[in-house]
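Here is the structure we will look at.
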Amino acid sequence: MNGLPILDISGLCKSYGAVRAVDWVDLHVDRGEICGLIGPNGSGKSTFFDCVTGLARPSAGAVKLDGQDITGWSLNDIAREGRMLRSFQKTVVFSALDIEENLVIAGQMFTFPGIWSTFGIGAAARNRVAALRERARELIRIAGLWDVRFQPAGKLSGGQQKLIQFASMLMPEPKLILLDEPMAGINPKLIERVVESIRLANTSFGVSFLIIEHNIDVVTSLCKRVVVLDQGRKLAEGTPDEIVRNQAVREAYLGG
Ligand SMILES: Nc1ncnc2c1ncn2[C@@H]1O[C@H](COP(=O)(O)OP(=O)(O)OP(=O)(O)O)[C@@H](O)[C@H]1O
Ligand SMILES: [Mg+2]
């Protein structure tokens with residue numbers, strides 16, 4: 001392990017016409033850290049993720065992943081490597097497939113040397129699929145989905161589908177995961193489970209996280225450091241305690 005941040009972003013900007021969606025933001029995530037990213041609706045959080053993960057091209061700035069400059073890389077090039085993965089505000093699963101199949105496919109899509117290596121006959125392909133199935137089962141247990149593992153993913157609740165998506169992201173053994181509002185629309189009991197799954201992925205597998213989340217209790221419980229965006233700019237950065245006491249943050253976001 002070296003001391004470089006797993007993600008190091010400097011001077012990131014993104015404009016859409018006259019809208020400066022992200023305006024000169026510096027942000028880093030340390031190795032092994034769970035960092036929070038919060039701010040009002042429209043403050044540029046998802047756009048920031050888009051620029052970091054190659055979905056949008058930044059107007060300016062630099063993105064370094066694990067010490068490597070990946071600025072301007074395409075979404076496919078970044079995702080295919082499996083080092084940094086992201087979720088979207090909308091959950092996507094393979095509805096007709098059960099949970100284990102969902103996870104195995106996720107593993108096949110990302111795991112080097114790629115999906116084709118798990119097709120075909122022969123011991124090597126069989127061993128790779130067996131290893132993916134074993135990891136899938138471990139992650140299904142961690143996500144608390146063991147009892148419903150044979151059900152089609154599309155028949156499960158929105159919260160359970162979020163857990164499937166989260167477990168799928170762990171299949172390729174990423175170093176960093178960016179989550180966009182993982183708790184949106186799920187009930188308090190499942191929120192606890194998602195929080196616990198994130199914590200376990202962090203402590204057991206060493207995955208670092210950058211999490212956009214409006215549920216401030218979740219942010220406070222998971223993150224040691226929080227960055228606040230407002231109108232595309234970094235408004236504040238600090239421990240959750242410092243952030244909830246910060247007057248500018250209270251006025252812009254937390255409500256007085
Ligand atoms: N593809 C796009 N084209 C034009 N404008 C965009 C585009 N994507 C985002 N924007 C604008 O950029 C600004 C930031 O939006 P963004 O979705 O990043 O905010 P957010 O902080 O994620 O908000 P929320 O909390 O509601 O998800 C908004 O004014 C939005 O309208
Ligand atoms: Mg958003």
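What you are looking at is a predicted structure, and each value in this text was computed from that prediction instead of being measured. Read the numbers this way: they start at 1 and go in the same order the structure lists the ligands and their atoms.
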Got a donor-acceptor contact below 3.5 angstrom from the Gln160 side chain to the Ser157 backbone? yes
Less than 4.0 Å between a side-chain N and a carboxylate O, is that true for Arg31 and Asp66? yes
Specify the protein heavy atom at minimum distance from atom 27 (O) of ligand 1: its residue, its atom name, and the distance to 0.1 Å. Gln89 OE1, 3.2 Å
protein heavy-atom neighbour closest to atom 6 (C) of ligand 1 works out as Tyr16 CD1, 3.2 Å
Applying a strict 4.0 Å limit to heavy atoms, is His214 in contact with ligand 1? yes
Do any of the N/O/S atoms of Thr47, backbone or side chain, fall under 2.8 Å from the Mg ion (ligand 2)? no
Is Asp50 salt-bridged to Arg86, cutoff N-O under 4.0 Å? yes
Exam field: side chain Ser43 to backbone Gln231, donor-acceptor pair closer than 3.5 Å: no
Among protein heavy atoms, which sits nearest to atom 12 (O) of ligand 1, and what does the distance come to when rounded to 0.1 Å? Ala21 CB, 3.3 Å
Nearest protein heavy atom to atom 30 (C) of ligand 1: under 4.0 Å? no
Between Glu100 (side chain only) and Ala136 (backbone N and O only), is there a donor and an acceptor less than 3.5 Å apart? no
Hey, is Asp69 close enough to Lys64 for a salt bridge, meaning N to O under 4.0 Å? no
Element-labelled atoms of ligand 1 that are located less than 4.0 Å from some non-hydrogen atom of Gly44: 14 (C), 18 (O), 19 (O), 20 (P), 21 (O)
Sub-4.0 Å atoms of ligand 1 with respect to non-hydrogen atoms of Glu181: 25 (O), 27 (O)
Among Ser43, Ser46, Gly232, Gly42, which one has a heavy atom closest to atom 23 (O) of ligand 1? Gly42
Compute both the distance and the angle, then confirm whether Lys162 meets the cation-pi test with Phe166: under 6.0 Å from the six-membered ring centre, within 45 degrees of the axis. no
Using distance alone, determine whether Gly39 and ligand 1 share an N or O pair under 3.5 Å. no
Among Val22, Thr47, Ile38, which one has a heavy atom closest to atom 15 (O) of ligand 1? Thr47
Against heavy atoms of Pro40, which atoms of ligand 1 measure under 4.0 Å? 21 (O)
Would you confirm whether Glu181, through its side chain, and Ile212, through its main-chain N or O, come within 3.5 Å as a donor-acceptor pair? no
Side-chain (Lys224) to main-chain (Gly238) donor-acceptor, under 3.5 angstrom: no
Taking heavy atoms and a distance under 4.0 Å, where does Ala56 meet ligand 1: side chain, backbone, both or neither? neither
From atom 10 (N) of ligand 1, is the closest protein heavy-atom distance below 4.0 Å? yes
of all protein heavy atoms, closest to atom 21 (O) of ligand 1 is Lys45 NZ, 2.7 Å
Tell me the protein heavy atom at minimum distance from atom 26 (O) of ligand 1, and give that distance in Å. Asn41 ND2, 2.9 Å
Short side-chain to backbone donor-acceptor contact, Asn246 and Glu242, under 3.5 Å: no
